[in-house]
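The sequence lines fix the lettering, A, B, ..., with proteins before strands; numbering per chain opens at 1. Heavy-atom basis, side chains included; hydrogens, waters and symmetry copies ignored.
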There are 2 protein chains.
Amino acid sequence: MKNANIQRMTDQRRVILDEIRDTKSHPTADDLYRVVRKRLPKISLGTVYRNLDILTNAGLINKLDFGSGQSRYDANLSEHYHLRCVECNRVVDVMDMPPIHYDRTVLSQTAFEIIGHNLEFVGICPDCRQKLSDTSDTSE
Amino acid sequence: MKNANIQRMTDQRRVILDEIRDTKSHPTADDLYRVVRKRLPKISLGTVYRNLDILTNAGLINKLDFGSGQSRYDANLSEHYHLRCVECNRVVDVMDMPPIHYDRTVLSQTAFEIIGHNLEFVGICPDCRQKLSDTSDTSE
DNA sequence: TTATTTATTTATAATGATTACGATTTAGAA
DNA sequence: TTCTAAATCGTAATCATTATAAATAAATAA
Ligand SMILES: [Mn+2]
Ligand SMILES: [Mn+2]
Ligand SMILES: [Zn+2]
Ligand SMILES: [Zn+2]
């Protein structure tokens, strides 16, 4: 039930959309608040949240909900999964991953109407791997 | 880095573990607070949260983090996925689902060290499907 | 262009989930 | 039984997000 169109295009909305389209970092609302504020110093955090919600409902961006902490947003609308570092929470794309196959008969045991699925990979990014080996080797 | 053992077995901890093992409903901390309080009326919600965390770190239960709202806990340690109703947030098990296969070469594009993955199915449970068709048919 | 109408914004307060605090109690070792 | 670190309780604090209400501004009509 996605609302296809946006009602009004305000400066705030335009800049938010512009900034999120300009990054591959899957920023949080707070991340975007920081960068957007450079161009619109008077914008409020609530406006960022509200617009991210509106843009998500309009299908212009996707909201990524991981376990805990802040949600992240992604202007990359192509089908792809994500890989998150458990140490620093960095999120990167996993492209070219075939959509997972699930046997409808297996799921039909539940009598649910299946809408879709969420898949997230977890791991440790190169930077954090480096840091971890630095600290664990000299002592202990 | 899971801590294998529990240090002390208090009444509170025992009852919490007992109750979560007694259900297949994937209860929230608040759900457990309600049922545990019938046996230990003086227990505090903080104690429930703290013990769920300790039991999770000890590997005796699993914490399930979905997008938003409260976390859920599961004493079923066997490998299985979950299916959640987007309407009422009910969570049921998806047993006998083959672990998803991901090509390490695809993921190696990221240079992450892969630890694992989270997979959740979303859908609409039979009860909610019924309710939705009830309300949408008579009018409009 | 100017007026009108609402959606939107801002600043701030409120909420919901979870974690932290400090005084008191207690499990389990000695 | 004594001792002490771990755990508990009640409460306060924190974090992410949503709600409120007065002021502003985008789109439309006059
Ligand atoms: Mn992405
Ligand atoms: Mn389960
Ligand atoms: Zn990292
Ligand atoms: Zn349901």
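- If you find the closest nucleotide of DNA chain C to Asp65(B) and to Met9(B), the one lying nearer the 5' end belongs to Asp65(B).
- Counting non-hydrogen atoms under 4.0 angstrom, Asn51(A) reaches the backbone sugars and phosphates but no base.
- Note on Arg50(A): a base of the nucleic acid sits closer than 4.0 angstrom, heavy atoms only.
- An OP1 or OP2 oxygen of dC9(D) is reached within less than 4.0 angstrom by a side-chain nitrogen or oxygen of Thr47(B).
- Per the geometry, CD1 belonging to Ile43(A) stands 14 Å off P belonging to dA25(D), to the nearest Å.
- Using a 30° and 60° split on the angle between ring planes, His26(A) and His80(A) fall in the tilted class, from 30° to 60°.
- Taking side-chain N and O atoms only, Tyr49(A) has a distance below 4.0 Å to OP1 or OP2 of dT17(D).
- Residue Arg13(B) contributes atom CZ, which lies 11 Å from atom P of dC9(D) at whole-angstrom precision.
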Stepwise salt bridge (charged side-chain N to carboxylate O under 4.0 Å, His left out) check, Arg90(A) with Asp127(A): CA-CA 10 Å; Arg90(A) 185 141 63 106; Asp127(A) 290 2; 3.8 Å; yes
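- Rounded to the nearest 0.5 angstrom, Arg13(B) CZ and Leu52(B) CG are separated by 10.5 Å.
- Counting non-hydrogen atoms under 4.0 angstrom, Thr10(A) reaches the backbone sugars and phosphates but no base.
- Look at CG on Leu32(B): it is 12 Å from P on dT18(C), rounded to the nearest Å.
- The nearest whole Å value for the distance from the CG atom in Asp30(B) to the P atom in dG16(C) is 11 Å.
- Put simply, CG on Leu45(B) is 9 Å from C1' on dT18(C), counting in whole angstrom units.
- A donor-acceptor pair shorter than 3.5 Å cannot be found between the side chains of Asp30(B) and Thr28(B).
- Taking the nucleotide of DNA chain C with the nearest heavy atom to each of Lys63(B) and Gly46(A), the more 5' of the two is matched to Gly46(A).
- In this structure, Thr28(A) reaches neither bases nor backbone, as no heavy-atom distance under 4.0 Å exists between it and the strands shown.
- Atoms CG (Asp11(B)) and P (dC9(D)) sit 10 Å apart, rounded to a whole Å.
- Atoms CZ (Arg37(B)) and P (dT8(D)) sit 16 Å apart, rounded to a whole Å.
- Ring planes of Phe121(B) and Tyr81(B): perpendicular class, angle over 60° (limits at 30 and 60°).
- Checking dT8(C), dT10(C), dA16(D) against every side-chain atom of Gln70(A), the shortest atom distance belongs to dA16(D).
- At whole-Å resolution of the value, CD1 in Ile54(B) and P in dA5(D) are 17 Å apart.
- Dashed line: the shortest gap from a side-chain N or O of Gln12(A) to OP1 or OP2 of dT10(C) is under 4.0 Å.
- Which of dG28(C), dC9(D), dA27(D) sits closest to the side chain of Arg8(A) comes down to dA27(D).
- Distance from the side chain of Lys42(A) is smallest for dA11(C) among the nucleotides dA11(C), dC9(D), dT9(C).
- A 3.5 Å limit on both hydrogen-bonding distances identifies dA22(D) as the Watson-Crick or G-U partner of dT9(C).
- At distances below 3.5 Å, not a single donor-acceptor pair connects side-chain atoms of Arg34(A) with backbone N or O atoms of Ala29(A).
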